[in-house]
Amino acid sequence: MHTDNKKELEFNIFNIDIKVVTFYKFLYQVNDIILAMFFIVGSFLFFNESTTFAGTVLFVIGSFQMLIRPLIAISRDIHISKIKKINKLICNYT
């Protein structure tokens with residue numbers, strides 16, 4: 001995950017910027033933990049032929065979890081962009 005916290009934290013509305021960045025970092029880390037668990041359990045299920053199908057299912061789920069990673073980062077960037085626009089509007093209005 002690529003983050004440039006200094007740029008993301010250039011704006012400040014009641015410290016909401018820190019909360020936004022922290023929230024998305026938390027989501028990203030939770031997703032990575034779940035992803036790792038699917039792949040680890042799936043790997044162990046491949047040791048026995050009777051559980052190979054279940055292992056394959058977990059690998060497919062893990063692959064979808066990998067898709068979620070960039071979606072979290074994109075969502076964060078969009079959220080921060082919207083907050084920056086609102087901040088500019090408020091600063092220009094006052």
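Residue numbers count from 1 along this sequence. Computed from heavy atoms alone, side chains included, the values below leave out hydrogens, waters and symmetry copies.
When the side chains of ILVMFWY residues are joined at heavy-atom separations under 4.5 Å, either directly or via intervening members, L35 and L27 end up in two distinct hydrophobic clusters. Under the 4.5 Å side-chain heavy-atom criterion for grouping Ile, Leu, Val, Met, Phe, Trp and Tyr, L71 is not connected to Y28 through any hydrophobic cluster. F53 is connected to V41 through a chain of hydrophobic side-chain contacts under 4.5 Å among Ile, Leu, Val, Met, Phe, Trp and Tyr, so both are in one cluster. By the criterion of side-chain heavy atoms lying less than 4.5 angstrom apart, applied directly or through intervening Ile, Leu, Val, Met, Phe, Trp or Tyr residues, I40 is not grouped with I34; the two fall into different hydrophobic clusters.
Applying the salt bridge (Lys or Arg N to Asp or Glu O under 4.0 Å) rule to pairs touching residues 26-39 yields D32-R69, sequence neighbours excluded.
Considering only heavy atoms from C-beta on, L58 comes within 4.5 Å of L45 through its side chain. Using a 4.5 Å heavy-atom cutoff, the side chains of I68 and F64 are not in contact.
Among F38, F44, F39, the single residue meeting the ring pair (Phe, Tyr, Trp, His ring centres under 6.0 Å) criterion with F59 is F39.
Distance CZ/F23 to NE2/H79: 8.5 Å, rounded to 0.5 Å. To the nearest 0.5 Å, the span separating CG on N31 from CZ on F26 amounts to 11.5 Å.
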- [ ] For the pair T56 and F46, evaluate side-chain contact (heavy atoms from CB on, under 4.5 Å) and give the outcome as yes or no after the intermediate values.
- [x] CA-CA 8 Å; T56 303; F46 272 103; 3.5 Å; yes
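Using a distance-only test at 3.5 Å, with no hydrogens or angles considered, a donor-acceptor pair links the side chain of T52 to the main chain of N48.
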